[in-house]
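The structure under discussion appears below in the form of C-alpha cells.
Each ligand, and each atom within it, is numbered from 1 in the order the structure gives.
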Amino acid sequence: MELKAIPKNFMWGGSTSAFQVEGAYQEDGKGLSIADIRSFTKSGQQLDTKETADHYHHWEEDLELMRELGMTSYRFSISWPRIFPNGDETTPNQAGLDFYHQLIDRLLEYGIEPIVTMYHFDQPIGLIKKYGGWANRQSVADFVKYADCLLTEFGDKVRYWLTINEQAVLVVASDMIGIHPDLPAEQRFQLAFQANYHMWLAQAIVYKKFHQQFPSGFIGPAVSYITTLPASRKSYDMMAAKQLEDFYSFAQMDVALKGKIPKYFQNELTKMGITITTQVGDEEILSNGRANYLGINWYCTTIVEANMDIDEKAPILQRMKRIEDPDLVYTKWGWNFDPRGLQYGLRQLMDRYGQIPIVITECGWSEEETLEDGKVHDSQRIAYLQEHIQQMAYAMEDGVNVISFNPWSFIDLLSVGDGMEKRYGMVFVDRTNFDSKEQKRYKKDSFYFYQQLIASHANQ
Ligand code: BG6
C-alpha cells in the first residue's frame with residue numbers, strides 16, 4: 001500500500017457507541033433511552049440493548065485488545081442516560097461518571113486518544129415522555145446541561161469531542177427521536193425538522209462554550225456523509241444527486257462550520273411546506289458557535305437518478321430515485337463497496353472547507369459471521385479496509401487534512417437495524433441474538449491485518 005502521505009502522528013483507531021456495545025442497560029443507576037425502547041420493540045426477533053457485547057463488564061479486556069491492535073485513537077460515546085438517567089436531574093449520576101473516568105484514564109495510560117461522542121442516538125426517554133424530546137426547545141437546555149457536565153468532568157482529559165452523531169439520520173428516521181411513526185408524513189417531517197433546528201442550536205451553544213474553556217481542543221459533529229453520485233452524465237441526474245447530497249449531508253456540515261442555515265436547505269423546507277419556529281437571537285447563536293473539525297461517518301456511495309415525471313419544483317426527497325449499480329458489490333443489506341467514492345468524497349470536503357481537520361469516525365463492512373476453530377476469515381472486510389485506507393491516503397496526497405481513521409466497528413456490537421446478525425467488528429464476540437454464551441472475544445483476520453498495517457506504517 002502507498003501510505004506515504006499519511007503522517008506519523010496520524011491516529012489509527014476504531015469506533016463504537018454506548019448503547020450498541022455496553023449492555024448493563026439498568027446498572028449503576030442508568031436510565032432508559034429511546035434507543036433502548038426502540039430495541040425492546042424487536043426483543044423477540046433479535047438482540048436488544050440489555051446486554052449487547054457487555055462491554056460495561058468487559059471494558060478492561062477490550063482496552064487490552066485495543067492496545068494489542070496498536071490503536072492510537074478510540075471513538076466511543078458516553079451514554080446520556082448513564083449520566084442523567086431521566087435527563088432532567090440537576091445533579092449527574094456519579095456511578096456513570098466513574099465508569100467513563102476509569103475508561104478514559106486507561107485509554108490515556110495506553111496512549112490511545114479518546115474521541116468522545118456526547119450523544120449517539122440515546123436521548124433519555126424521560127425527556128421524550130416529559131415534553132416530546134428534541135421537537136421541543138427545552139431539549140436544547142437539557143443537552144447543554146449534559147454537555148457542560150461532560151466538559152467539566154472530562155474536558156481536561158479529552159481533546160476531541162463530537163456533539164451529535166448523524167443528525168440527518170435522526171431526522172429521516174424520526175422514531176429515533178421519539179416521533180411516532182404512525183403520524184401522517186407531513187406532521188412527522190414538521191416535528192423532525194423542528195427537532196433538527198433545536199439540535200443545531202444546542203450544538204452551537206456547546207461549541208461556543210467549549211472554545212472558551214478549551215481553546216486548544218477540537219469539537220464538531222459526526223455527520224452521516226453519503227457521497228451521492230448521479231446515475232448518468234445527464235445534467236438532471238447530476239442536479240438531483242447534488243441536491244440530495246446537499247440537503248442530507250452538506251447542510252449539516254455547512255451549519256456546523258459556517259454558522260448559518262444555507263438557502264438551499266431553507267428552500268427545500270419551504271417546498272415541503274415546513275415552517276420552523278425560531279426566536280430572536282437564534283442567528284447569532286448559530287453564527288457564534290462553530291465546529292473546528294469534522295467527524296464523518298462514511299460507508300459507501302449512493303446512486304441517484306432524477307424522476308422526470310415529477311415537477312422540478314417539488315422537494316428533492318420526492319424527485320429522486322436510488323438505484324443499484326450492477327458493477328458494484330453490495331452487502332445483503334444494500335451497502336456498496338465503492339472505495340474510490342471515499343477519495344472523491346474527501347476531495348469534495350476540501351473543495352468546500354479547505355484544510356479543516358477531518359476524523360473518519362465510522363467506515364466499515366458488515367457480514368453475517370460465525371466462528372470456525374476460533375477464527376473468523378473476514379476477507380471482504382480486509383479488502384474493504386485496505387482499499388478505503390488506500391483511497392484516503394490518495395486524497396491526503398492531494399492535500400486533504402485527514403487526522404484519524406476509526407473503522408466501524410472495533411468490536412462486534414448491536415447493529416441499529418439488524419441485531420447481532422450484522423457484524424462489523426475486527427474482534428468477534430461469541431454470542432448470538434438470543435444466547436449470550438460467555439461473551440468471549442476472538443481476533444478476526446481483519447484484526448491482524450489492521451495491526452500489521454498500523455505497525456508497518458509506523459516503521460515506514
Ligand atoms: C451509523 C451509526 O449510521 O451506521 C451506527 O452511527 C450504526 O450507530 C452504523 O451502527 C451501521 O448501521 P447498522 O444499522 O448496520 O447498525
Contact atoms of ligand 1, heavy-atom distance to Q20 under 4.0 Å: 5 (C), 7 (C), 8 (O), 10 (O)
H388 and its ring-ring contact (aromatic ring centres under 6.0 Å, His included) partner, picked from Y299, W365, W298: W298
N or O contact, Y424 vs ligand 1, cut-off under 3.5 Å: yes
Those atoms of ligand 1 less than 4.0 Å from some heavy atom in S415: 13 (P), 14 (O), 15 (O), 16 (O)
Test: E89 and K145 ion pair at under 4.0 Å: no
K440 to F428 six-membered ring, cation-pi geometry met (6.0 Å, 45°): no
Polar atom proximity, V416 to ligand 1 (N or O, under 3.5 Å): yes
Ligand 1 contacted by D418 (non-hydrogen, < 4.0 Å): no
Basic-acidic side-chain contact under 4.0 Å: D246, K242: yes
Residues R82, E27: salt bridge by 4.0 Å N-O rule: no
Heavy-atom nearest neighbour of atom 12 (O) of ligand 1 within options W335, Y299, W408, F121: W335
Ligand 1-proximal atoms of N165, by part, heavy-atom distance under 4.0 Å: side chain
